[in-house]
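Following: one structure in structure tokens, then a few remarks.
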Number of protein chains: 2
Amino acid sequence: MKQYKFIQPPSTEQELLARIETLAGKTLSQVALTVNIDVPENQTTHKGWTGQLAEQVLGATASNRSEPDFQHLGIELKTIPMSKPGVPKESTYISTVNLTKTSGINWETSAVRKKLARVLWLPVESDNSISLKHRRFGNAFLWSPSANQEKVIRTDWEEIMELLCTGDLDKISSSLGTYLQIRPKAANSKSLGNSYSNEGIRSSTLPRGFYLRSSFTRTLFEDGGEERQD
Amino acid sequence: MKQYKFIQPPSTEQELLARIETLAGKTLSQVALTVNIDVPENQTTHKGWTGQLAEQVLGATASNRSEPDFQHLGIELKTIPMSKPGVPKESTYISTVNLTKTSGINWETSAVRKKLARVLWLPVESDNSISLKHRRFGNAFLWSPSANQEKVIRTDWEEIMELLCTGDLDKISSSLGTYLQIRPKAANSKSLGNSYSNEGIRSSTLPRGFYLRSSFTRTLFEDGGEERQD
DNA sequence: GAGGATCCATGCGTGGATCCTG
DNA sequence: CAGGATCCACGCATGGATCCTC
């Protein structure tokens with residue numbers, strides 16, 4: 001996605017929220033026009049397009065560095081596809097899993113915890129019956145894990161990491177974890193990343209990533225005082 | 001440089017030499033046409049173009065891996081610009097200098113020695129009065145360092161590496177070395193690569209590379225039984 | 001619907017070298 | 001003209017996610 005227009009990062013949280021309010025109800029096509037970007041026909045070959053569009057119009061800074069999207073504000077932006085108002089359609093990618101450095105790490109300093117510390121959820125209509133250009137942004141909201149949510153996610157994370165430490169990659173399925181899961185994150189099933197076998201030998205396997213299950217993110221859009229999509 | 005045509009690597013040294021003989025006397029334009037590549041107006045913004053053209057038409061394999069261009073033959077291809085027949089115009093880049101791993105390395109296992117073990121020198125007319133597309137390939141020849149040449153290069157290399165080990169980057173100038181020298185190898189003078197200060201602390205400096213001085217490569221094109229450019 | 005498979009953009013490193021100025 | 005500065009191509013890794021098939 002070529003950047004045709006450079007937008008300054010918002011200097012305050014208020015400014016970010018003000019910007020994101022202007023997106024609510026607008027179509028992807030309307031928004032893309034403001035930064036002179038073409039809308040692809042569909043996302044089959046442009047899977048990250050919506051997220052990258054949002055980054056641009058909001059003035060996100062990180063590009064592909066492992067920093068929060070709005071570094072100075074400590075806020076991570078996540079667009080989230082909705083099959084219908086209030087119902088997230090897909091799981092949400094959080095971070096890659098490092099299959100080599102499994103020792104000496106803990107929840108407090110983990111990438112997952114950092115990424116989820118303060119998330120700006122931006123819902124986007126994604127029912128297949130609506131063409132990409134006509135899909136609308138919904139009402140975004142800032143979220144930080146409640147004590148209870150963090151407890152469950154942390155437990156999931158620790159359970160997964162424990163298995164990773166023993167090197168039993170085969171035993172780690174996507175079925176593990178209540179809110180958090182591990183899934184492939186690669187160009188294809190033949191991709192190889194660094195890892196260690198269960199005998200501690202350097203090896204190569206399919207790269208994985210941490211994801212939040214959609215069954216969990218759905219709860220964020222249910223009653224509880226948070227805003228909903230449109 | 002988009003690859004419009006895939007050419008198989010030569011399976012034998014003879015086949016490689018046969019291919020390269022067909023280049024002698026041809027213009028860059030004629031050769032580029034055979035693989036459907038456009039010739040840039042000049043090399044100011046396409047400095048590696050000639051070398052990459054040669055790689056393609058000869059079926060070199062390495063692209064940007066640190067392997068010989070013709071891996072199975074153990075042969076490294078170097079195009080070399082000639083200001084006039086028999087006179088190399090520029091120094092020749094050999095390899096990058098690793099500014100972090102300076103201990104435990106020696107000449108026998110060095111990248112410089114490996115790269116220079118067996119070089120196919122392919123001269124190319126490069127007088128400024130001739131436009132790029134009209135420049136001709138000359139007669140290439142295979143070269144391995146003579147005992148004496150290797151001795152000088154090895155001494156240069158060891159002298160430079162010794163200074164690197166002490167971390168005194170400031171003391172290492174391009175003036176060091178009889179045949180081999182060290183020079184910047186970067187996008188620009190602000191580029192930073194990893195290094196260690198003279199106190200052993202991780203640091204950052206301008207990346208460097210090893211080059212063969214043109215005063216040396218000129219001697220390769222003087223009398224001695226090797227072919228010359230046209 | 002869940003798990004496994006896949007796709008684009010962009011930064012950075014490495015390999016290909018030549019440009020340019022005192 | 002030597003030393004310092006610079007430029008493109010392309011692979012690989014990371015960050016953005018959604019697709020697709022039981």
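Proteins come first, then strands; the chains are lettered A, B, ... in the order of their sequence lines, and each starts at number 1.
In this structure, A:Y179 places its OH atom 18 Å from C1' of C:dA2, rounding to the nearest Å. A:K47 has its NZ atom 16 Å from the C1' atom of D:dT14, to the nearest Å. Atom CZ in B:F210 sits roughly 15 Å away from atom P in D:dG3 (whole-Å rounding). For the pair B:I172 CD1 and D:dG3 C1', the computed distance is 15 Å after rounding to whole Å. Distance B:E55 CD to D:dG11 P: 12 Å, rounded to the nearest Å. Between the CG atom of B:L180 and the C1' atom of D:dA2 there is a distance of 15 Å, given to the nearest Å. To the nearest angstrom, C1' of D:dG3 lies 12 Å from CG of B:L206. We find that CG of A:L53 is positioned 14 Å from C1' of C:dC8, with the value rounded to whole Å.
Side-chain contact check for B:N98 versus B:I105: every heavy-atom pair is 4.5 Å or farther apart.
Within 4.0 Å (heavy atoms only), A:T79 reaches sugar-phosphate atoms of the nucleic acid but no base atom. Here B:P207 lies out of heavy-atom contact (under 4.0 Å) with every strand. Within the 4.0 angstrom heavy-atom criterion, only backbone atoms of the sugar-phosphate kind lie near B:S175; the bases stay farther away.
Residues A:A187 and B:L77 each lie close to DNA chain C; by heavy-atom proximity, the contact nearer the 5' end of the strand is made by A:A187. Between A:Q181 and B:I94, the one whose closest nucleotide on DNA chain C sits nearer the 5' end is A:Q181. Of the two residues near DNA chain D, A:T96 and A:N128, the one whose nearest nucleotide lies more 5' is A:T96.
Within 6.0 Å of NZ on B:K89 lie more than 12 heavy atoms contributed by other residues, nucleotides or ligands.
Side chain B:K89 to base C:dT18: no donor-acceptor pair is found below 3.5 Å. Under 3.5 Å, the side chain of B:Y211 and the base of D:dA2 form no donor-acceptor pair of N or O atoms.
When each of D:dT6, C:dC8, C:dC19 is scored by its nearest atom to the side-chain atoms of B:P184, the top-ranked nucleotide is D:dT6. The side chain of A:Y93 has D:dG16 as its nearest neighbour among D:dC8, D:dG16, D:dG3. Side-chain proximity of A:K185 to the nucleotides D:dT18, D:dA17, C:dG16 is greatest for D:dA17. Proximity note for A:K115 (side chain, C-beta onward) versus C:dG16, D:dG16, C:dG3: the nearest is D:dG16. Out of C:dC7, D:dA17, D:dC19, the shortest distance to the side chain of A:E90 is found at D:dC19. Nearest nucleotide to the side chain of B:T44, out of D:dA9, C:dC19, C:dC8: C:dC19. When distances are taken from the side chain of B:A186 to each of D:dT6, C:dA17, D:dG15, the shortest belongs to D:dT6.
Not one side-chain nitrogen or oxygen of A:S191 sits closer than 4.0 Å to the OP1 or OP2 atom of C:dT6. Phosphate proximity of C:dA17 to B:K78: present, with a side-chain N or O under 4.0 Å from OP1 or OP2. When the side-chain nitrogen and oxygen atoms of B:T45 are compared with OP1 and OP2 of D:dC7, none of them lie within a distance under 4.0 Å. Residue A:S189 places none of its side-chain N or O atoms closer than 4.0 Å to OP1 or OP2 of C:dG4. The shortest distance between the side-chain N/O atoms of A:R213 and the OP1/OP2 oxygens of C:dG3 is below 4.0 Å.
A distance-only check finds a donor-acceptor pair linking the side chain of B:S144 to the backbone of B:A117 [under 3.5 Å].
The salt bridge (Lys or Arg N to Asp or Glu O under 4.0 Å) test applied to A:R213 returns no partner, not counting sequence neighbours. In this structure A:K78 satisfies the salt bridge (Lys or Arg N to Asp or Glu O under 4.0 Å) test together with A:E76, sequence neighbours excluded.
For the residue pair A:S175 / A:S173, a side-chain donor-acceptor distance below 3.5 Å is found, with atom types taken as modelled.
With B:E125 as the partner, the side-chain hydrogen bond (donor to acceptor under 3.5 Å, both in side chains) test is satisfied by one option alone out of B:R135, B:K84, B:R136: B:R136.
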